[in-house]
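Below, read A as the first sequence line, B as the second, and so on, with proteins coming before strands; counting in each chain starts at 1.
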Amino acid sequence: MQEKYAFHLIEPKWQKRWEEDGLYNVDRRGNRPKLYCLEMFPYPSGDLHMGHVRNYSLGDSVARYYRMRGYDVLHPIGWDAFGLPAENAAIKRGIHPADWTEQNIANMRQQMHRLGFSYDWRREVATCRPDYYKWTEWMFLLLYKRGLAYKAAAKVNWCPSCATVLANEQVVNGACWRCHTPVEQRQLEQWFFRITAYAEQLLEDLRMLTDWPERVKVMQANWIGKSEGAEVTFTVEGTGQEITVFTTRPDTLFGVTYLVLAPENPLVEELAAGKPEAVAVRRLAAEAARVAARQRTEQEKIGVPTGAWAINPVNGERVPIWVANYVVMEYGTGAVMGVPAHDQRDFEFARKFGLPVRVVIQPQDGPVPEEGEDLEAAYEGPGTLVNSGSFDGLPWEEGKKRITAWLQEHGAGKPQVQYRLRDWLISRQRYWGAPIPLIYCDHCGTVPVSENDLPVLLPRNVDFRPGGPSPLARCPEFVNTTCPRCGRPARRETDTMDTFMCSSWYYLRYASPHDDQAPFQPADVDYWLPVDQYIGGIEHAVMHLLYSRFLTKVLYDAGLVKFREPFQRLFTQGMVTLGGSAMSKSKGNIVDPNDIVAKYGADTARVFTLFAAPPERDLEWSEQGVEGAYRFLNRVWRLAYELEPLVRQPRGGRAQGGNDPSAWPKEDRELRRLLHATVKKVGQDIGERFMHNTAISSIMELVNALYDYRQNVPPERQNAVLLREALQKLLLILAPFAPYITEEIWHQLGWEGSIHLQPWPQWDEAALAAEEVTVVVQVNGKVRDRLVLPADTPEEVLRQKALQLPKIQPFLAGRTVDKVVSVPGRLVNIVVH
RNA sequence: GCCGAAGUGGCGGAAUUGGCAGACGCACUUGACUCAAAAUCAAGCGUGGUUGACCCCACGUGGGGGUUCGAGUCCCCCCUUCGGCACCA
């Protein structure tokens, strides 16, 4: 065996060999359990960054572990390859997006090879290739046919920097999720997916996801934003028009002292027309229109009366109708009933504009002033109905039900559930995306492209110069076509799909990556899906993960898949930081994985990223920590080098006491116990706990124990059988984390076959029981001494020995022993006073 | 404001079921090897007190209270940090 750990020679050698042997290719066989381990596929930006290294190292160790445990492991990778940076490269550097993307893919694929990730490369997909986006278009048509795709004019989020619209999920704090430019509101006609039709299921099925992080489920639930309440219909005095409001507090209906409409509500103009208030109303509406709905939060509440009045259905009272900027058109009905006594926003508004405040809920304890005019703030808590006619005295929850029922009986309302979720806007005014497969015909209207004509190909020669309509709209060869229905000249849709559409179904494609008849074969998907373990960043908690869940449910309803949820277990890993913040080009705090691999090797990079922090937390990059990981691998190498003569002895060498471990000396039995305990723990840490950091630390402890044994046991007494077993198992459990060095040592020591095809080592449960235990002796809960005893010492003997310990005596002198608590194998606690 | 997660040495973190707090690693200190350095190996390394030394004692997991023989872990209150949602009626 070589004396030096020459990673730079070892790693390229095995990389090539594994690839030639197709070591990680997997096919549907069915005679072994399957496991689908998936990491979120990357955008091919050009280079892997440390976040990728961490994400893929995590997934790879899981995949390798289960492979060794006898599973057929589907572990694929691909490229989320449509998107704006490719188009920007075209604009800035004159390189075509397709070429730019393919070059980046080639480079990143090479980096992944160097890192030794165990992918089945035959299954690689790229969303920008026609053989993939053909099926993205197919998915669009599926939604279209099922009535889940529609075109509508709406006020939408526009990113001026990306020159395209964005979905609500893609606006973060009022800015574009990708480039952080503040978004603007624009009135445009766009394509939407009716994700709101699945709001209830998307919310309800979160319960099934018991192996998802709580915070992701909470974020999705918040995003869906379910509210239960009632719709109440008010009549406009004089005209008989109706204004419907949504409220979660029908129990406060007797407390209504005004109505408010959103400035964009079309009723506003109707109501004010011809009245003296019309000028002020129009001015307010115009003012509000200038401010994006999402930025209104910081605005002062402003409002004006419309001059119209409404009749409260429950008591026939006249209340004024106002317009105010604190009501949003996009939620509910764009109209709200004002109950200042029991809603803080209404309270502030009423105080500012001198509207009356009427108390209709009395809390159980501590009276709220009966006269609303004395209130200092709205009372929003529970209580009993007052000033509410025949409903007086009801508990509020009961009041909600009874008043809603009354409204329903009298045709003035009904129970209503509202969701905050909006439909998914999928049009993008960009070139580098999957075309929306629709044709507009002057005679036939909107006509979907026939499935047989898919894919609608992106034309290669387009004009990328910025400004004006999107490149596709400026490409007559693309735009001009014939109507599939009537054959007359027609125009293609020139918007492309949101790239989140491409990534919302890719995990299905890996099952049948090259099928040209269907997006996937049922037999493949039924076998491999759902994904058993999905790993990625938290940033996709409500974007990618929500869209993928939605699409899966649509496919389920269409009978195309047999599962309702695509990702069984989800793990969200933390960021890689340097100087406390995420690595980014703009901050200039980048560590290039290429440099680390060149300097220390891929195994070191992998071991460091897995060891330095628990996977879910942020990982602060540390060059010294990397050196620590490198030192550890060198210690493993040296250990193997030193043990080689022992390992290679004919018939495995000798062991004092023969091959029966129970006859071995104590040091041998102790080392064997640690070995077997470590094998068990590492398996649990990867498979059950997802704590790769503690898995590696326990392997380090094993290595340390082996060094101690070598140093402390005289050479002639060292147990070759044990050391051989220990080294072999050590390599096997380290293999998922450090695939190169373990493979190399495995072969240098003369063991057969790839280490990565070996079964996970067995552990002997009987070997785990320590023969001797250290029992802590406490007095009043404080540790005063320790006893080392055989593990099977009877509890009575244990207590006796503890009470007789010399160090204990001073603490017992002059005191009475109340009781003695003992836990065999752990402690004795003597309670005195 | 509502919801969620977290808070442990100089640093990253461990403690899986209520049972020795600080595993493992980094940094640091000392020693061995060396002409020297690097590498490697060995020892030490929570805070305070005490001692010639060994020992020993007290305190210690964001703060305060509680349950328990025993709390980093369970309960209540509070503080801080991070994340999500937010005039959503």
Side-chain angles (χ1 to χ4, degrees), chain A residues 172-173 213-223 225-227 229 245-249 252 260 262 293-294 296-301 324-339 342-346 348-349 380 418-422 538-539 541-542 607-608 611-614 616-629 631-632 634-635 638 681 684-685 688-689 691 693-704 707 711 774-786 807 810 818-823 825-832:
Chain A
V172 180
N173 295 326
E214 190 61 28
R215 61 174 175 157
V216 174
K217 290 190 279 185
V218 167
M219 281 162 77
Q220 292 212 356
N222 282 347
W223 190 260
K226 181 178 183 176
S227 295
V245 301
F246 171 71
T247 179
T248 55
R249 296 295 304 274
T252 64
V260 213
R294 294 195 171 260
R296 269 191 221 163
T297 312
E298 299 97 49
Q299 298 263 305
E300 176 82 359
K301 284 186 179 53
N325 64 343
Y326 80 96
V327 178
V328 295
M329 188 59 213
E330 293 79 14
Y331 183 80
T333 60
V336 168
M337 63 186 212
V339 187
H342 304 293
D343 182 290
Q344 187 59 26
R345 295 157 301 183
D346 296 345
E348 286 163 18
F349 189 76
E380 297 180 332
Q418 280 291 333
Y419 300 92
R420 209 191 66 98
L421 182 71
R422 314 269 162 84
I538 187 73
E539 67 274 15
V542 282
V607 167
F608 171 73
F611 172 70
E616 75 278 7
R617 283 206 217 166
D618 287 351
L619 184 159
E620 173 67 14
W621 188 262
S622 154
E623 183 87 9
Q624 285 161 335
V626 176
E627 280 170 11
R631 254 196 300 272
F632 164 64
N634 272 287
R635 271 166 75 77
R638 261 200 328 276
K681 178 175 165 56
Q684 282 177 338
D685 282 355
E688 293 159 37
R689 300 208 310 152
M691 299 263 300
N693 54 324
T694 56
I696 292 173
S697 77
S698 60
I699 297 174
M700 288 173 169
E701 287 181 73
L702 177 62
V703 170
N704 292 346
Y707 270 93
Q711 197 188 331
T774 303
V775 173
V776 171
V777 181
Q778 300 178 328
V779 179
N780 287 346
K782 293 197 167 149
V783 180
R784 297 301 178 185
D785 203 356
R786 292 173 177 83
K807 279 191 189 167
D818 289 329
K819 68 169 161 177
V820 178
V821 179
S822 56
V823 181
R826 286 208 188 265
L827 61 77
V828 177
N829 188 12
I830 302 163
V831 186
V832 300

Looking at [options], which one has an atom nearest to any side-chain atom of [X]?
X: V328(A); options: rG19(B), rA89(B), rG13(B); value: rA89(B)
X: V327(A); options: rC26(B), rA89(B), rA14(B); value: rA89(B)
X: S697(A); options: rA89(B), rC87(B), rC24(B); value: rC24(B)
X: V831(A); options: rC85(B), rC69(B), rC20(B); value: rC69(B)
X: N704(A); options: rA14(B), rC24(B), rA27(B); value: rC24(B)
X: R631(A); options: rC26(B), rG19(B), rC20(B); value: rC26(B)
X: V821(A); options: rA23(B), rG19(B), rG25(B); value: rG19(B)
X: M219(A); options: rG19(B), rA89(B), rG84(B); value: rG84(B)

Does [X] have a side-chain nitrogen or oxygen under 4.0 Å from the phosphate oxygens OP1 or OP2 of [N]?
X: K807(A); N: rC56(B); value: yes
X: K819(A); N: rC69(B); value: yes
X: Q711(A); N: rA42(B); value: yes
X: R638(A); N: rC41(B); value: yes
X: T694(A); N: rU16(B); value: no

For [X], answer base if it contacts any base atom (sugar-phosphate contacts may also be present), sugar-phosphate if it contacts only those atoms, and nothing otherwise; contact means non-hydrogen atoms under 4.0 Å.
X: P213(A); value: nothing
X: M337(A); value: nothing
X: N693(A); value: sugar-phosphate
X: S698(A); value: nothing

query = From S698(A) OG over to M691(A) CE, what is the distance, rounded to the nearest 0.5 angstrom?
reply = 10.5 Å
If I take atom [atom1] in residue [X] and atom [atom2] in nucleotide [N], what distance separates them, rounded to the nearest angstrom?
X: K681(A); N: rU16(B); atom1: NZ; atom2: P; answer: 9 Å
X: W621(A); N: rG25(B); atom1: CH2; atom2: P; answer: 19 Å
X: I538(A); N: rG83(B); atom1: CD1; atom2: P; answer: 12 Å
X: R215(A); N: rA5(B); atom1: CZ; atom2: P; answer: 10 Å
X: D346(A); N: rC87(B); atom1: CG; atom2: C1'; answer: 9 Å
X: M700(A); N: rG12(B); atom1: CE; atom2: C1'; answer: 12 Å
X: Q684(A); N: rA15(B); atom1: CD; atom2: P; answer: 12 Å

ask   = So, Q418(A) side chain and Y331(A) main chain: donor-acceptor pair closer than 3.5 Å or not?
value =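 No; zero donor-acceptor contacts below 3.5 Å.
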ask   = Can any side-chain N or O of D685(A) pair as donor or acceptor with the backbone N or O of N693(A) at less than 3.5 Å?
value =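 Side chain of D685(A) to backbone of N693(A), a donor-acceptor pair under 3.5 Å: no, none is there.
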ask   = If pairs are Watson-Crick or G-U with both distances under 3.5 Å, what is the dot-bracket string of RNA chain B, marking crossing pairs with [ ] and pairs to another strand with |?
value = (((((((..(((......[....))).(((((.......))))).((((......))))..(((((..]....))))))))))))....
Could you work out the separation of [N] and [M] based on their [atom1] atoms and round it to a whole Å?
N: rC74(B); M: rG19(B); atom1: C1'; result: 14 Å
N: rU8(B); M: rA15(B); atom1: C1'; result: 10 Å
N: rC56(B); M: rU51(B); atom1: C1'; result: 9 Å
N: rG18(B); M: rC28(B); atom1: C1'; result: 36 Å
N: rG66(B); M: rU16(B); atom1: C1'; result: 27 Å
N: rC77(B); M: rC2(B); atom1: P; result: 13 Å
N: rA38(B); M: rG46(B); atom1: P; result: 25 Å
N: rG9(B); M: rG44(B); atom1: C1'; result: 15 Å

inquiry  = For R826(A) and G628(A), find the nucleotide of RNA chain B closest to each by heavy atoms; which residue's nucleotide sits nearer the 5' end?
reply    =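 On the 5' side of the pair lies R826(A).
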task = Specify the residue among F246(A) and Y707(A) whose closest nucleotide of RNA chain B lies further upstream toward the 5′ end.
result = Y707(A)
task = Would you kindly check whether a donor in the side chain of N222(A) faces an acceptor in the base of rC85(B), or vice versa, at under 3.5 angstrom?
result = no
Short N/O separations, protein against nucleotides 58-60 of chain B, under 3.5 angstrom:
{"from": "rA58(B)", "atom 1": "OP1", "to": "R784(A)", "atom 2": "NH2", "distance (Å)": "3.3"}
{"from": "rA58(B)", "atom 1": "OP2", "to": "R784(A)", "atom 2": "NH1", "distance (Å)": "3.4"}
{"from": "rC59(B)", "atom 1": "OP2", "to": "K782(A)", "atom 2": "NZ", "distance (Å)": "3.4"}

ask   = With sequence neighbours excluded, what pairs up with F349(A) under the ring pair (Phe, Tyr, Trp, His ring centres under 6.0 Å) test?
value =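 By the ring pair (Phe, Tyr, Trp, His ring centres under 6.0 Å) rule, F349(A) matches Y258(A), W322(A), Y326(A), F353(A).
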inquiry  = Apply the syn/anti split at 90° from 0 to rG10(B) and say which one it is.
reply    =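 Chi for rG10(B) falls in the anti range.
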message = With side chain to side chain contact (heavy atoms under 4.5 Å, CB included) as the test, pick out the partner of S822(A) among V828(A), I830(A), V775(A), V777(A).
response = V828(A)
